[in-house]
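Proteins come first, then strands; the chains are lettered A, B, ... in the order of their sequence lines, and each starts at number 1.
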Amino acid sequence: MSLLEVNNIHATVAGQTILKGLNLSIQPGEVHAIMGPNGSGKSTLANILAGRPGYEITAGDVQLNDESIVEWPPHERAHAGLFLAFQYPVEIPGVSNMEFLKASVDAHAYARDEQQVGAAAFIKKARQLAESLDLNPEFLKRGVNEGFSGGEKKRNEILQLLLLEPQLAVLDETDSGLDIDALQVVAEGVNRFRNANNAVVLVTHYQRLLDYIVPDFVHVLADGKIVQSGDKELALKLEEKGYAWLT
Amino acid sequence: MAYVAAQWAREPRAPDWVENGDARLRQMTQALNSKQHKERWKYSKVQPVLDLIAAPAAAPAYSPLPEGISEIIYPNTQNTAPLGPDWENAPEATACLFYQPCVHVLEVEGNIESPLLIQHHARSLPLVIRLKANASLDLQETMLQDDEQQVQTLWIELETGARLVHSRNIFSKGQHWQYLRVNVGRDASYALHNHSSGARLRRQDVHICCTQPGANAEICSASLVDKANHLDQQIVLEHSAPHTNSRQTFHAIGNSGARVTFNGRIHIHKDCGGTDATLANKNLSLGTGAVINTKPELEIYTDDVKCAHGATVGQLDDDHLFYCSSRGIPAEVARNLLSEAFLKTCIRGPLADDAHAELQSQFKAQDHA
Ligand SMILES: Nc1ncnc2c1ncn2[C@@H]1O[C@H](COP(=O)(O)OP(=O)(O)OP(=O)(O)O)[C@@H](O)[C@H]1O
Ligand SMILES: [Mg+2]
């Protein structure tokens, strides 16, 4: 059984067709890297998977664990195990990080009919995770991403990943804007998350990340379609030659 | 239609101690029918308030007065009221002084450690709080929630170097009118933390004057107005001396069918150089059919001042909502979380926890669909 099946999807944003027949099949335990030129539709794919309003599927299907999710609202997709690390995480002043994380975890527990985690245990866990990602735990008291640097926002996304333990993590350029040390910290976080039952989709522009998180597959997305797939050698070749030879 | 004060409509008589033909009766009638007055009461009905002004009132309940605070009761209020009558700007409040048999004055000396708690029930007699030079006080004002008709007038005077932190949590549901007048003296500082909900009729009149150099005034206000409820805030911040500062932030949420009015005027007199005044009013309109009127106004008669004001009416941010839902937070929970956050940035001071709990429970009770 596939964890994720993306079947010939066509999708529009603001009346423009961006995805034009995209296929992707992901099994548990796998890491898929998606590379491709700016504007080719990588973030659109990520948003389509997460169910962002305004991104419309006009044909094709997306199945998570053999169930079509295209009609599901975003929070139900999250409950079903989907997680999107945003390319540009938003700042939400007034909602503290801690409060936001607790609301997320509580919502997951509620959906699964599980008991909520106690506040004290939760705070402890969140602080430990922050420390493990080199984020000052005091940041958890601030508004969500409020005043965070670019790199801090990305680490905060990984913190949420580790807290929510989804089945499928879609990381949209989580490596962009990270310094070399931060890149290692983030990669270590993703590797800590990985197990035989979950899977990772890495959207990235840089081969460097793939030295730390070794992909099983590398796909090239161009003009709304996967135009080439291979193993990590493909990423090296792209680094060397660019995308022109593919299109 | 000509307005008449209080019960005159039905029972035309002045308070016993006022002689017939008293010039003040004429003054009052004139003020209540002036153009400015009609402008100030464009969005709320004044007659229900006038009807309450002359009704019997009682002193509000306050916590046992700590050492340093003394109470004086003045009879015949209008002649002895410490801040004096102001027919032009505040005819209703002045009428309260005129009709009620006495005014309670609290005089505050020194640094008062424990907070002074005032609880209003129904109609409160006019109250004056005067902080002597360099006195400081933490004033906490609340009101019983179950009274149908409530009226309060409060005059505050801060002498040189006095400091007052004034918090008010106002969550009653009936008809409520509240007048607050504050004079801030030399190097004195006044902070108001105002937390309120809507009611069948809620009208908050606030008039703050920075009267001496170095005076500093701050207002931070958070209001949640539910469907079919009404909130009308009329705020005047007057600078009548050079080198005075004011900061005002008002956040309000109007749920479907709510009516929210904000009118905030900054008035900087002549020869008030070095004045720095800001006013921000932000409104969040939830659901459909909330009516939100906001009008920030500037009246400035000095060149060398800093003054900024702005007003917005908006909705919840779609990107914020999506970020929440992508983390598994259902839409209605996300909307509550984000709306609360919008108010929370203006919920401060010693009554913040209570205000937060109250507004949170009101959020939970609402449906924002
Ligand atoms: N909300 C939107 N409104 C209008 N156009 C959009 C929107 N989102 C994406 N697009 C357009 O869709 C196309 C694909 O954008 P997308 O963000 O998916 O590219 P990308 O592959 O992630 O690029 P990058 O590498 O720069 O992140 C672009 O032309 C972009 O302008
Ligand atoms: Mg992108």
Side-chain angles (χ1 to χ4, degrees), chain A residues 46-55 72-112 114 142-146 153 156-157 159-161 163-166 169-170 172, chain B residues 193 195 220-224 249-253 280-286 310 312 314-349 352-353 355-357 359-364 368-369:
Chain A
N47 283 315
I48 282 285
L49 294 177
R52 189 179 200 125
Y55 289 70
W72 296 7
H75 69 276
E76 288 181 12
R77 300 181 192 207
H79 297 162
L82 194 95
F83 178 89
L84 169 62
F86 287 67
Q87 183 172 0
Y88 305 109
V90 291
E91 300 193 11
I92 312 182
V95 180
S96 83
N97 253 298
M98 196 62 100
E99 186 184 10
F100 179 74
L101 297 175
K102 183 78 165 74
S104 313
V105 168
D106 287 351
H108 277 79
Y110 183 79
R112 291 180 192 145
E114 288 168 4
R142 278 205 221 158
V144 173
N145 291 320
E146 196 181 2
K153 285 180 184 165
N156 197 22
E157 296 291 286
L159 191 156
Q160 295 173 45
L161 169 73
L163 202 57
L164 296 175
E165 299 178 332
V170 180
D172 191 358
Chain B
H193 303 290
H195 313 124
C220 209
S221 170
S223 306
L224 171 65
T249 317
F250 291 81
H251 282 196
I253 294 183
N281 172 232
K282 287 192 185 172
N283 299 281
L284 191 58
S285 165
L286 295 184
T312 58
Q315 264 136 23
L316 290 174
D317 187 315
D318 287 340
D319 290 341
H320 292 177
L321 284 167
F322 178 59
Y323 196 65
C324 292
S325 54
S326 78
R327 298 300 180 250
I329 302 172
E332 64 280 12
V333 178
R335 278 197 286 268
N336 286 355
L337 193 68
L338 295 172
S339 313
E340 270 180 59
F342 171 79
L343 286 189
K344 221 192 292 173
T345 50
C346 286
I347 299 178
R348 296 195 199 148
D353 287 348
H356 194 238
L359 292 175
Q360 202 160 25
S361 76
Q362 292 199 15
F363 263 117
K364 298 236 161 84
H368 298 289

When the 4.5 angstrom heavy-atom criterion is applied to B:S326 and chain A, the contacting part is both
Using non-hydrogen atoms only, which part of [X] is less than 4.5 Å away from chain B: side chain, backbone, both, or neither?
X: A:V105; value: neither
X: A:A85; value: backbone
X: A:R77; value: neither

Between A:P93 and B:A341, the two heavy atoms sitting closest are O-CB, 3.9 Å
Hey, could you give me the [atom1]/[atom2] distance between [X] and [Y], rounded to the nearest 0.5 Å?
X: B:K344; Y: A:E99; atom1: NZ; atom2: CD; result: 3.5 Å
X: A:H75; Y: B:L321; atom1: NE2; atom2: CG; result: 12.5 Å
X: B:Y323; Y: A:E91; atom1: OH; atom2: CD; result: 10.5 Å
X: B:I329; Y: A:F100; atom1: CD1; atom2: CZ; result: 4.5 Å

Test your reading of the model: is there a side-chain donor-acceptor pair from B:R327 to the backbone of A:L84, 3.5 Å cut-off? yes
Please tell me if the side chains of B:D319 and A:Y88 come closer than 4.5 Å, counting only heavy atoms from C-beta onward.
no
Answer key: most heavy-atom pairs under 4.5 Å with chain B among A:S104, A:A107, A:G54 is A:S104
Sorted by chain and residue number, the ring pair (Phe, Tyr, Trp, His ring centres under 6.0 Å) partners of B:F322 (sequence neighbours excluded) come out as A:F86
B:H320 meets the ring pair (Phe, Tyr, Trp, His ring centres under 6.0 Å) criterion, sequence neighbours left out, with none
